[in-house]
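Worksheet: the structure to be examined is printed underneath.
Below, chain A is the first sequence line, B the second, and so on; all start at residue 1.
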Number of protein chains: 2
Amino acid sequence: MERLFLLKMVFINKSKVMEKEFERGHHWCRGRVKGFGFRLTLGRDAVLDVLSRTEDHLSAEDIYIRVHETYPAIGLTSVYRTLDMLVNIGLVYKFDFGDGRARFELAEGPKGKDHHHHLVCTGCGRIVNYRDFIDEEVALLKKAEEGLSEKHNFAITNHLIQFYGLCEDCRNK
Amino acid sequence: MERLFLLKMVFINKSKVMEKEFERGHHWCRGRVKGFGFRLTLGRDAVLDVLSRTEDHLSAEDIYIRVHETYPAIGLTSVYRTLDMLVNIGLVYKFDFGDGRARFELAEGPKGKDHHHHLVCTGCGRIVNYRDFIDEEVALLKKAEEGLSEKHNFAITNHLIQFYGLCEDCRNK
DNA sequence: TTTGTTATTGGAAACCATTTTCAATAGGAA
DNA sequence: TTCCTATTGAAAATGGTTTCCAATAACAAA
Ligand SMILES: [Mn+2]
Ligand SMILES: [Mn+2]
Ligand SMILES: [Zn+2]
Ligand SMILES: [Zn+2]
C-alpha cells in the first residue's frame, strides 16, 4: 500500500511521457506483487509483461514460449508457479474453456477492471471477449448473489458466465 | 423415435405401477441411446442407472465405483467412453468445477429438463444446485444470446453460469 | 433359436498438463 | 557488500484421461 503511494509521488516529479508508459505497461502490477510480500523477480516481471500485452487467453505453455523470447532462462515450472501466485492474489483469472489446459488473463488493467464474459467456439476453440450485456448481466448477478447468499448461506466472491456455440468459420464448414 | 412410441403403447396395456417405475428410473434414456444407433449394453445401462439415481455431480471414478457394486465386470475405460457418448448425444452434461476432474449430471429427467445452475464452494468443493433465479437468468441469457449471436456471428447452443464462494461450514473455520 | 457381423469391451500402456522434489541461485533488507 | 531465504530450473512423479488391441457381447437376419 505505501509502496503504491510512493510510486505516485515519483510520478509527480517525472514527465508525462513516463506516466503514459506506466499506463501502457504492467508496471502498476509490480506494487501489487510486492505489496503481498513477494519478491519481484525477472521471471515474474516477464510473465506479467506478456499478460499485459495481449487480449488473448494464453495457456501456461503459451506464456512460457513468449517469455522465453526475452528471458530464455525461465523454466515452465516457474511459469506455473507464478501464474498460481498471481491467481491467488487476484491479479489474474484462470479459466477452463474445455480444451484440457488452463488459460489465463489479467484481471485488471491500469485503468481498472475491464469486466467481460466469454463466447467459446466448441468447433475451433476460439474465445471472444464481449462487454455487450455486461451491465445487465452484472446487475442480475449481483441481485442473484444476494439472494443466493442468504438462502444457501454462501459467501459468494465470484461468478462465471460463458456462452458456447459455433463461430462463423466453424458454422460454414 | 418409433421405439419410444412402441414403449408408450406397451404401457397402455400394463399396470400403473410399471408406469411409475418407468418415471422413476432411467428407462426413458434407453430409447434415446438406441435412437442414435448405439447398442444398449449392460455397462451403458448401469451408468445411466447410477446417474438417474442422484442429484450429485459424480466424477468418472465415482460412477465407476458405484456401477461396480452391481456390475463388477465394468472397466473404468468404458465408463469414460460411455460418458463421452452420453455427453455427445446431449443426455449428460459435463462440468469442470476446478478440482481437476470432470463431473457429470443427467441433462434431463423423465419429466423433462430440470434447468439449474451451480454454487461452488472453493473451500471444500461442495456443489449446490439452485433454481432460485433461473427464470430471470434464463430470460436474460436468452436475450443476450440473441444479441451476441447477431453481433459476433456465433450460433450459441449452450451457456454456463456458476457462482463461487465459501459455504457455511468453510466460512466458520 | 442360432448365426454372423462388428460395435463395444477390459486391461495395460501411453499421454500430457500440472505438481513435487531438491540442490543451486538471486532478490532485497540490513 | 553481506546474509538469509524465497525462488528457481531440471528432472521425476502424479493423476486424470485416452489409446491400443485382442476378446466379447449386442442385435439384425435367418
Ligand atoms: Mn477474456
Ligand atoms: Mn447440478
Ligand atoms: Zn470456431
Ligand atoms: Zn465448503
(request) Please state how far atom CG in A/L86 lies from atom P in D/dT7, giving the value in whole angstrom units. (result) 12 Å
(request) Could you check how far CG of A/L42 sits from C1' of C/dA26, rounded to whole Å? (result) 9 Å
(request) Please state how far atom CE in A/M85 lies from atom C1' in C/dT18, giving the value in whole angstrom units. (result) 18 Å
(message) Under 4.0 Å between a side-chain nitrogen and a carboxylate oxygen: does that hold for A/R103 and A/D99?
(response) yes
(message) Please determine whether a side-chain nitrogen or oxygen atom of B/K34 lies at a distance below 4.0 Å from atom OP1 or OP2 of D/dC27.
(response) yes
(request) Would you kindly give the CG-to-P distance between A/D45 and C/dG27, to the nearest whole Å? (result) 11 Å
(request) Write down the distance between CZ (B/R44) and C1' (D/dC27), rounded to a whole number of angstrom. (result) 13 Å
(message) Rounding to an integer number of Å, can you tell me how far A/Y64 OH sits from D/dT8 C1'?
(response) 13 Å
(request) Please determine, by modelled atom types, if B/H117 and B/E137 share a side-chain donor-acceptor pair under 3.5 angstrom. (result) yes
(request) Using atom CG of A/L40 as one end and atom P of D/dT8 as the other, report the distance to the nearest whole Å. (result) 10 Å
(message) Parallel, tilted or perpendicular: which one describes the rings of A/H159 and A/H115, with boundaries at 30° and 60°?
(response) tilted
(message) Tell me the closest heavy-atom pair linking A/Y64 and A/G75, and the distance in Å.
(response) CE1-C, 3.7 Å
(message) I want to confirm an ordering. Mapping A/G75 and B/R39 to their closest nucleotides on DNA chain D, which one lands closer to the 5' end?
(response) A/G75
(message) Please tell me whether A/H57 and A/E105 have a donor and an acceptor in their side chains that are separated by less than 3.5 angstrom.
(response) yes
(message) Would you compute the distance between atom CZ of A/F133 and atom CG of B/L140 and round it to the nearest 0.5 angstrom?
(response) 8.0 Å
(request) Could you check how far CG of A/L58 sits from P of C/dA17, rounded to whole Å? (result) 15 Å
(request) Ignoring the backbone of A/T41, work out which of D/dA25, C/dT9, D/dT7 is nearest its side chain. (result) D/dT7
(message) Walk along nucleotides 16-22 of chain D from 5' to 3' and tag each nucleotide B, S or - by protein heavy-atom contact under 4.0 Å, base first, then sugar-phosphate.
(response) SBBBB--
(message) I need the minimum non-hydrogen distance between B/C121 and B/C170, along with the two atoms involved.
(response) SG-SG, 3.6 Å
